Amino acid sequence: MVSFNHETVLGVQHWTNTLFSFTTTRNPAFRFENGQFAMIGVKCNSTPLVRAYSMVSPNYTEQLEWLSIKVPDGPLTSRLQSVKVGDTILVSKKPFGTLVIDNLSPGRRLYLLSTGTGLAPFMSIIGDPITYERFGSVVLVHSCRYVAELAYAKRIKEELPNHEFLGELIKQKLIYFPTVTREPFENTGRITDIVACGELFEKIAMPSLDPSVDRVMLCGNPNFIVDMRTILEAFSFREGSSNNPAEYLVEKAFAER
Ligand code: A2P
């Protein structure tokens with residue numbers, strides 16, 4: 001049985017008519033590792049209606065932040081999308097998930113490959129100083145259909161490099177590579193395609209994937225995960241777990257899509 005804290009909505013941002021994010025209070029007893037998710041939602045006829053949502057906010061912040069799509073007929077997101085400041089959100093007392101850097105074996109470069117709201121856990125991972133202690137470079141790739149769906153692009157490009165404590169590390173080590181698949185943009189093409197043909201590595205001036213030094217995390221569209229796994233396995237990457245850290249990890253829990 002999952003038990004829940006009651007948190008209060010502190011702010012809401014609508015990115016597009018299908019994508020929004022919001023912040024809530026955080027019960028101080030709620031502890032998590034960056035990259036994990038919680039079950040969150042609302043009460044519906046006195047029963048919790050919840051789904052898995054990764055924390056966008058790193059684990060040292062006072063508030064919690066969440067990124068969600070809006071599904072017109074989705075049982076939860078059709079309700080969640082109209083949340084306003086002061087509303088109550090249920091957040092599981094415990095976090096879940098294995099998409100955490102401790103489940104990767106030591107490496108030199110970390111690739112965080114995401115589509116859509118799959119960006120969420122990577123926001124907390126790029127906000128974690130330990131990520132930069134473990135890896136010489138961190139490459140965050142985010143693929144969306146349209147430019148307006150590149151949530152947090154401004155925060156990643158402009159705010160994080162000027163962050164009081166992390167700014168210098170982020171300037172030196174974080175490479176952000178947004179790519180858009182259904183309209184013109186500075187980078188276009190699916191992640192699977194730009195990895196397979198090498199365009200990604202050419203553009204970021206890195207060698208092609210190498211399981212002896214590169215580590216990869218995947219989060220997003222289930223078809224993307226299937227196809228990206230095939231590519232990684234062809235490069236001889238092995239999937240890690242908490243008992244057996246290895247070269248890549250996949251998030252298997254998704255918010256309604
Ligand atoms: P496309 O526009 O070519 O379908 P989400 O579904 O999480 O919002 O993600 C949408 C992004 O994921 C789009 O850029 C979409 O590209 C891409 N995508 C969807 N399916 C795959 C796949 N099998 N491999 C790679 N990228 C994919």
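Counting starts at 1 for both ligands and their atoms, following the listed order. Bear in mind the structure is a predicted one, so any value in this text is a computation, not a measurement.
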Among the heavy atoms of T192, does any lie under 4.0 Å from an atom of ligand 1?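 Heavy atoms of T192 do come under 4.0 Å of ligand 1.
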Contact check, C144 vs ligand 1, heavy-atom distance below 4.0 Å: yes
Plane angle bin for F237 and F235 - parallel if under 30°, tilted between 30 and 60°, otherwise perpendicular: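 The rings of F235 and F237 stand perpendicular, inter-plane angle above 60°.
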Can you tell me how the ring of H14 sits relative to the ring of F20, calling it parallel under 30°, perpendicular over 60° and tilted otherwise?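 Judged by the thresholds at 30° and 60°, the geometry between H14 and F20 is parallel.
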How would you list, by chain and number, every residue that makes a salt bridge (Lys or Arg N to Asp or Glu O under 4.0 Å) with R109, sequence neighbours excluded? D214
G116: numbered ligand 1 atoms lying under 4.0 Å from its heavy atoms: 7 (O), 8 (O), 9 (O)
For ligand 1, which atoms sit closer than 4.0 Å to a heavy atom of D227? 22 (C), 23 (N), 24 (N)
Does NZ in K94 sit with more than 12 non-hydrogen atoms of other residues, nucleotides or ligands closer than 6.0 Å?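 Not buried by this count: 12 neighbours or fewer within 6.0 Å.
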Can an N or O of T117 be found at a distance shorter than 3.5 Å from an N or O of ligand 1?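 No, no N or O pair falls under 3.5 Å.
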Within the 4.0 Å heavy-atom cut-off, what R145 brings close to ligand 1 is both
Under a plain distance cut-off of 3.5 Å, with no hydrogens placed, do S241 and N243 share a side-chain donor-acceptor pair?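 Distance-only check fails for N243 and S241.
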Shortest heavy-atom approach to atom 12 (O) of ligand 1 - which of T115, L19, T18: T115
Gap separating the CG atom of L140 from the OG atom of S114, nearest 0.5 angstrom: 5.5 Å
